[in-house]
Amino acid sequence: MAGGSRLRAWGVTLGGFMAFLVVLTACAGPYQYYEGTGIHDATAAEVAGGWENVEGTRVVLGKDGTALLEKLDGQDFDFEDGWRLSGAGTWQLTDDNGGQVVRLALTARTRVESRSSATATDTSTPEPPWTYAWSFYVDRDQHDKLKLFFFYGDPDIGNAYVMTRETGS
């Protein structure tokens with residue numbers, strides 16, 4: 001009997017530890033602890049130029065650090081508000097241990113659009129921001145071409161908003 005009690009106590013302890021681990025990792029989505037792409041060789045001159053995505057977004061990063069953007073969606077949970085911002089701003093290429101990041105700041109909003117008519121008429125949708133900042137991770141595709149991306153929406157899903165070099169750039 002003593003061996004059975006010891007085994008049962010061990011099982012309860014192990015079960016409690018497993019429950020603790022489940023709670024600890026329940027909200028640890030794919031990008032919550034994302035440390036970057038590991039890319040450290042991109043230059044500002046290589047990043048400058050036109051970028052686009054399949055949703056009609058267009059971003060032009062000037063060699064002088066200025067930026068023009070059209071229909072750029074919000075990052076992280078802001079994406080779910082449905083607004084798309086256009087305007088002018090600034091950008092810079094930064095580098096840290098995890099890799100390079102393009103920091104894009106909208107400083108002068110010129111237009112706001114909506115991804116759907118549902119969010120445009122929803123009165124509970126928050127007012128789109130007049131200024132905004134994005135952090136695009138810098139990566140390379142299988143052909144060694146640069147691409148820029150950020151994560152959006154629910155962190156447990158890990159959706160990536162990918163910008164590729166503008167066709168003809």
If you look at every heavy atom in [X] and [Y], which pair is closest and at what distance?
{"X": "Glu80", "Y": "Asp154", "value": "OE2-N, 3.5 Å"}
{"X": "Arg84", "Y": "Arg115", "value": "CD-CG, 3.5 Å"}
{"X": "Pro128", "Y": "Val112", "value": "CG-CG1, 3.6 Å"}
{"X": "Gly89", "Y": "Thr107", "value": "CA-OG1, 3.4 Å"}
{"X": "Glu55", "Y": "Asn53", "value": "N-OD1, 2.9 Å"}
{"X": "Leu61", "Y": "Ala67", "value": "CD2-CB, 4.1 Å"}

| task | Apply the side chain to side chain contact (heavy atoms under 4.5 Å, CB included) test between Trp51 and each candidate in Leu146, Val60, Val162; give the one that qualifies. | result | Leu146

Rounded to the nearest 0.5 Å, how far does [atom2] of [Y] lie from [atom1] of [X]?
{"X": "Leu72", "Y": "Leu104", "atom1": "CG", "atom2": "CG", "value": "6.5 Å"}
{"X": "Trp83", "Y": "Asp73", "atom1": "CH2", "atom2": "CG", "value": "7.5 Å"}
{"X": "Leu106", "Y": "Trp130", "atom1": "CG", "atom2": "CH2", "value": "10.0 Å"}
{"X": "Asp76", "Y": "Asn159", "atom1": "CG", "atom2": "CG", "value": "11.5 Å"}
{"X": "Arg103", "Y": "Thr94", "atom1": "CZ", "atom2": "OG1", "value": "4.0 Å"}
{"X": "Gln75", "Y": "Phe149", "atom1": "CD", "atom2": "CZ", "value": "10.5 Å"}

| query | Is the centre of the Trp134 ring less than 6.0 Å from the centre of the Tyr161 ring? | reply | no

| message | Using modelled atom types and a 3.5 Å cut-off, is there a donor and acceptor pairing between side-chain atoms of Glu52 and backbone atoms of Thr167? | response | yes

| Exam field: side chain Thr37 to backbone Val138, donor-acceptor pair closer than 3.5 Å | yes

| request: Spell out, yes or no, whether Leu68 and Trp91 are grouped together once hydrophobic residues are joined by side-chain heavy atoms under 4.5 Å, including indirect joins. | output: no

| Using a distance-only test with no angle check, is there a side-chain donor-acceptor pair under 3.5 angstrom linking Ser86 and Glu113? | no

| Over 12 foreign heavy atoms within 6.0 Å of CG, Asp64 | yes

| field | Partner of Glu46 by salt bridge (Lys or Arg N to Asp or Glu O under 4.0 Å), out of Arg140, Lys145, Arg165 | value | Arg140

